[in-house]
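Here is the structure we will look at.
Basis for what follows: all heavy atoms, side chains included, without hydrogens, waters or symmetry-related copies.
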Amino acid sequence: MIKLQDIRDTARDMLAKGEARAVIGYRRGSRGMLAEPAFLTRPEEADELVWDPTCFHNLSLYLVHDRKHLAHARKTAGAPVAVIAKGCDARSIVVLLQEHYFQREDVYIIGVSCEGTGVVDERKLAGHLNGAQAISAAFDGDDFVFTTAEGEKRLPAREVMADRCLECCSPFPKEHNLAFGEDKTGRQLEAPFAALDRFEAQGAGERWDNWARHFDRCIRCFACRSVCPMCYCDECVVDSITFPVTTATTAEEKASRIRWIERSAARSENITYLMTRAMHLAGRCTDCGECDRACPVNVPIRLLNNKMEKEAREQFGFEPGASIGGPSLVASFLDNDPGNFIR
Amino acid sequence: MSEQQDYEPRVVAFLCKWCSSAGSDLAGVSRIQYPANATPITVPCTGAISPMYILSAFNKGADGVLVSGCHIGDCHYLEGNYLARRKMYLIMKLLEFIGVEQNRFRMSWVSAAEGAKFAQVITDFVGDLQQLGPQDKLKRAENK
């Protein structure tokens, strides 16, 4: 069991001694039970930190933001930023390090193990609370304890946990400077890719019918892109408004840029967007599941990323976020990669 | 004439400049007869083909997309086709996953000396596409 006080003490110490410029963690949010990302710069703020089943955000995203901010302000990093990272978040940081987005010494990873559980899925929880609003959530062994206006409700974690946590085999952040909680690597609540396998068991026709409905629903709000720590490109190939414009850019230049897809949220464009994103995340996505959670219209984006992860693991023996020095999926190859589909 | 016979599939063929493109040339100068449904796009190397090209071709109305390059070991840039093999495998699986017919995307190795093979690849592909009918899953509405 992780003692919250240990995390708070670490954060306070680091800020007081100047070992970290800031600590990125979670604090109680303003809505119901939900935690929200917190950016601490003063030691006395450390007591705001929380650790509960609603800490689902992948905080490595803010390392990317920080790096962009520094580049914009033309500043150098100085002391590292400390960040609280779960197993999946730590793997995201490893991918960012692999891609040299920042240096290892720029970040201090305070690892927290999800141990036997993980984070809660709000949609699953709603089905158990019968309309009641939870005001707090807590870990308790294999259970989650929720407080509602009517009192305490104890639920087995596996009934309300996010799919990605059920399927996770490495809830312990391997890459860390300091880690809290027990290492339960290899635990298995559900087989990896269980949700994907269930979806794939359908025929091609059914799969298309399902995806057509999902793609129709997408409003291209780009929430999935915004919460993704891997979507750090300044210029996004599928979004023409991100193309840089300076005072020197002529109207002709603007007009002659390749627009791979139109900005209208039509099905064909949504498909191209989501598929392109899945390809860009192949071998980089560490299955933190934030895109899926952030989607306001419930498009199961995670399945697309999962599909790529599964193929990469089964065909190429590739594990995303495994080691900082490791190769990237699409910039490496093996002699015995599958080739029998080629005529 | 039935509707089936009216339909001529549109194939976008990404051909490597060093082999398949030359292979298609050889098919031409050897006067081999094959369907004229493919629009060739010459690329420097199959390794330079972004999966986005394929999605974009479907988006703009292609019924089938062909990627053709040098045999393994023969890449002009030594390893471009190895990288392509991986990337194309992934995009193929992704297309299959969302329910696009498997026969809409094809990859082949055609060397500069294999004019006859190139003709055969196109003939087979067009034959398969003829059976599938028009592709309208990924096609942009205004192109329908």
Below 4.5 Å from any heavy atom of chain B, which atoms of [X] appear? Answer side chain, backbone, both or neither.
X        : result
A/Asp335 : both
A/Trp211 : side chain
A/Ala282 : side chain
A/Ser264 : neither

Looking at [options], which has the largest count of heavy-atom pairs under 4.5 Å with chain B?
options                                : result
A/Ala204, A/Ala212, A/Pro338           : A/Pro338
A/Ile271, A/Thr276, A/Val238           : A/Thr276
A/Phe333, A/Phe215, A/Phe199           : A/Phe333
A/Glu206, A/His214, A/Gln202, A/Glu200 : A/Glu200

Largest heavy-atom contact set with chain A, pairs under 4.5 Å, which of [options]:
options                              : result
B/Leu95, B/Leu55, B/Val67, B/Leu94   : B/Leu94
B/Lys93, B/Lys117, B/Lys87           : B/Lys93
B/Ile98, B/Val100, B/Leu83, B/Leu138 : B/Ile98
B/Ile91, B/Val121, B/Ile72           : B/Ile91

Check the angle between the aromatic planes of B/Tyr77 and B/Trp18 and answer parallel, tilted or perpendicular using the 30° and 60° thresholds.
perpendicular
Does this structure show an ion pair linking [X] with [Y], if we count only N-O contacts that are shorter than 4.0 Å?
X        : Y        : answer
A/Asp197 : A/Lys310 : yes
A/Lys124 : A/Asp163 : yes
A/Arg220 : A/Asp239 : no

Checking salt bridge (charged side-chain N to carboxylate O under 4.0 Å, His left out) for the pair A/Glu190/A/Arg198: CA distance, chi angles, key distance, verdict?
CA-CA 12 Å; A/Glu190 231 179 88; A/Arg198 279 196 295 275; 3.5 Å; yes
Establish, for the pair A/Arg313 and A/Phe318, whether the NZ or CZ atom is under 6.0 angstrom from the six-membered ring centre and no further than 45 degrees off its axis.
no
Does A/Arg277 reach the main-chain N or O of A/Cys224 with its side chain, forming a donor-acceptor pair under 3.5 Å?
yes
Assess whether atom CZ of A/Arg259 is packed by more than 12 heavy atoms of other residues, nucleotides or ligands within 6.0 Å.
no
